[in-house]
Amino acid sequence: MTNDQKDPLFVLIKSLSKSEKRQFKVYVGRLGVNTDSKFLALFNHLDKNETMDEDLIVSKGIVKKQQLSNLKAHLYKQILVSLRLSPLHQNIRSQLREQFDFASILYHKGLYKQSLKILDKAKALAKENEEHNIAYEIVEFEKIIETQYITRSINNRADELTVEAKMLSMKNVLTSKLSNLSLQLYGLMLKSGYVRNDKEQTIITDYFRSKLPKYEWNTLGFREKLWLYKAHLWYGFIIQDFLSCYKYSKKWVDLFYESPKMINQNPVFFLRGNHYLLESLFLIKDKKQLKSTLEEFEKTVQEPSFPKDDNIEVLSFQYVYNNKLNIHFLEGTFEEGKYLVEEILNGISEFNNRLDDHHIMVLYYKIGCLYFGMANHKKCIEYLSKIINNKSLKMREDLMCFSRVLSLVAHYEAGMDYHLESQLKETYRFLIKMNDLHEVQKEMIKFLKSLGDIFPHQIKDEFRKLHTRLKKYEDHPYEKRAFLYLDILSWLESNIEGRPVADIIKEKAKGLIR
């Protein structure tokens, strides 16, 4: 039996909306001979069933066992063709590709002048929307046609096309270098998180500077600026320069508002830019601007004119709820944020086939932190266990690290310290293995190890000592990241003062200027 969650055909069919299914059947039925076709029978079967049981498909006589693989591939292709014809999935790129295909057909029929006319219009549309890759392909195609059919309609046509191709090529090379740098930095961020010491900072800085291509600002278009801001943003995140992150994420978002048509053309980049702007505001603790920016973001994506598709729906869910949780963390309003848990879990269930493990685990970690703030430590442990026990999670080692540390603290708070010694050893081994044992973590583990030798009347004094030792790392360039994942200082203060951690954080939130 095929794994339903991994079978591409089954996942694709289950992702279709009612209108998309209806359109597919209309598309298939455009010729009477298709109404009883095997691939339509397979489509109807998979649409009605909740599992991909290949033995059942064969037993129903839809297709023979040896033909099933080919039939699935054919059905998959037909669904994609149907979706491509849908107005919902039409965009500038698909329109340009369609015009390019039309021009190619006319060229092969020897209708060169008609082909060039279509290409000229498509090229103008591509340039207008800064689709330079397609524009370059069009120019190269024009050059091929011009070698076979001299229009004589424009003087120096060969020189004009040569200059045009050179300019587009230069833009594409610059865009490629900037996008490569951005992607590589993003990959480093996902794999290892923030830099850990001066040596790593030097390596990252040297890498960034050596890979950043030279450019003239006045020659940069929308896309070149977008990738430039992205590269600076990820560099800022990795070296923990969060003011720089705010600066470049703001430039990223403003770039779209300065060219509104690009929002509809590149909605995913618009969504991601807003998410990183919100994340940066959380990291610099600008709660006022964080709340207003999130409200504006939600308002924008809910507008009827904003593009709608499955991918946008999933990303909007992730970004809105991540930042709603961040607001509650910043303000200490954990109880008030409890309602979000059910909504998030419903979203994870709804988008399960389209959400990757990494983003699900980030949401679980934040839910765990929310419960920790509510002093519901057993629930906190429940969600952290989902991360700790996930053997397939290959990214964000820092997320795994702090999940384990917070789990230890939650076990202590819940009075579930009967296995604490073995958990401490396991966590210590994990941190040593990933070379991520920071001073904050060392102090935390040392403290939790010593709990068995501390008398009850001494505990508050030990909390004070630990607070003093950790306070000096609060603004440390490499140690401060520990406080981004878990507000250890507020937890210690709550134990020292005998008050809920939420109250401590609320008081600190009131003290923020912004």
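Just so it is clear, the model here is predicted, and its values are computed rather than measured. Side chains are part of it too, since the values below use all heavy atoms of this structure and drop only hydrogens, waters and symmetry mates.
Interatomic distance, His359 NE2 to Gln318 CD, rounded to the nearest 0.5 Å: 5.0 Å. Note: Ser94 OG to Ile92 CD1 = 8.0 Å, rounded to the nearest 0.5 Å. To the nearest 0.5 Å, atoms CZ (Arg84) and CD (Glu98) are separated by 6.0 Å. With rounding to the nearest 0.5 Å, the separation of CD1 in Ile145 from CG in Leu111 is 10.5 Å.
Sparse packing is recorded around NZ of Lys338, with 12 or fewer heavy atoms of other residues, nucleotides or ligands lying under 6.0 Å away. The number of heavy atoms from other shown groups lying within 6.0 Å of NZ (Lys177) does not exceed 12.
Taking the six-membered ring where the residue is Trp, the centroids of Phe297 and Tyr319 are separated by 6.0 Å or more. For Phe317 and Phe351, the ring centers sit closer than 6.0 Å to each other. Under the 6.0 Å cut-off for aromatic ring centres, Phe269 and Trp227 qualify, their centroids lying closer than that.
Under the 30°/60° scheme for interplanar angles, the aromatic rings of Tyr248 and His232 are found to lie parallel. Using a 30° and 60° split on the angle between ring planes, Tyr473 and His476 fall in the perpendicular class, above 60°. By the 30° and 60° cut-offs, the orientation of the rings of Phe306 relative to Phe270 is tilted.
For residues 294-303, every residue pair satisfying the salt bridge (charged side-chain N to carboxylate O under 4.0 Å, His left out) rule, not counting sequence neighbours, is listed here: Glu298-Lys324. Residue pairs meeting the side-chain hydrogen bond (donor to acceptor under 3.5 Å, both in side chains) criterion with at least one member in residues 250-262, sequence neighbours excluded: Lys250-Asp254.
Heavy atoms only, all atoms of each residue included: Gly236 and Cys245 are closest at C-SG, 3.3 Å. Residues Ile118 and Ala103 share a closest heavy-atom pair of CG2-CB, 4.1 Å. Taking every heavy atom of both residues into account, Ile138 and Leu119 meet most closely at CG2-O, 3.5 Å. Heavy atoms only, all atoms of each residue included: Lys143 and Ala165 are closest at NZ-CB, 4.1 Å. Closest approach of Tyr365 and Ser403 over heavy atoms only: CD1-OG, 3.3 Å. Between Gly368 and Cys380 the shortest heavy-atom distance is O-SG, 3.3 Å.
Looking only at distances, no side-chain donor or acceptor of Glu224 sits under 3.5 Å from a matching main-chain atom of Thr175. At least one donor-acceptor pair under 3.5 Å links the side chain of Gln265 to the backbone N or O of Asn129. Without hydrogens or angle criteria, Asn91 side chain to Arg93 main chain gives a donor-acceptor distance under 3.5 Å. The backbone N or O of Asp206 sits less than 3.5 Å from a side-chain atom of Ser210, completing a donor-acceptor pair. In this structure a side-chain-to-backbone donor-acceptor pair under 3.5 Å is present from Gln240 to Pro477. Looking only at distances, no side-chain donor or acceptor of Thr205 sits under 3.5 Å from a matching main-chain atom of Thr202. In this structure a side-chain-to-backbone donor-acceptor pair under 3.5 Å is missing from Ser316 to Glu313. Ser249 places a side-chain N or O within donor-acceptor distance of the main-chain N or O of Tyr246, the cut-off being under 3.5 Å. Ser104 places no side-chain N or O within 3.5 Å of a backbone atom of Phe100 that could act as its donor or acceptor partner.
Using a cutoff of 4.0 Å between basic side-chain nitrogens and carboxylate oxygens, Glu164 and Lys123 are scored as salt-bridged. Under 4.0 Å is where a charged nitrogen must lie from a carboxylate oxygen, and between Glu474 and Lys471 at least one such pair does. In this structure, Glu131 does not pair ionically with Arg97, as no charged nitrogen and carboxylate oxygen lie closer than 4.0 Å.
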Fill in: Derivation and outcome, side-chain hydrogen bond (donor to acceptor under 3.5 Å, both in side chains), residues Tyr107 and Gln114
CA-CA 8 Å; Tyr107 163 73; Gln114 292 182 42; over 6 Å; no

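Tyr186 carries Arg272 over the face of its six-membered ring, with the cationic atom under 6.0 Å from the centre and within 45° of the normal. Geometrically, Lys230 does not engage Tyr276 in a cation-pi contact defined by less than 6.0 Å to the ring centre and at most 45° from the axis. In this structure, Lys386 forms a cation-pi arrangement with Tyr383, its terminal cationic atom sitting closer than 6.0 Å to the ring centre and no more than 45° off the ring axis.
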Identify each donor-acceptor pair in which a side-chain atom of residues 325-334 lies under 3.5 Å from a protein atom, sequence neighbours left out, and give them as a table.
from: Asn326; atom 1: OD1; to: Lys366; atom 2: NZ; distance (Å): 2.9
from: Asn326; atom 1: ND2; to: Glu279; atom 2: OE1; distance (Å): 3.4
from: His328; atom 1: ND1; to: Thr333; atom 2: O; distance (Å): 3.0
from: His328; atom 1: ND1; to: Thr333; atom 2: OG1; distance (Å): 2.7
from: Glu331; atom 1: OE2; to: Lys291; atom 2: NZ; distance (Å): 3.1

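Judged by distance alone, the side chains of His275 and Asn323 do bring a donor and an acceptor atom under 3.5 Å apart. A side-chain donor from one of Tyr207 and Gln184 sits under 3.5 Å from a side-chain acceptor of the other. Side-chain contact annotation: Gln78 with Tyr27, donor-acceptor N/O pair under 3.5 Å present.
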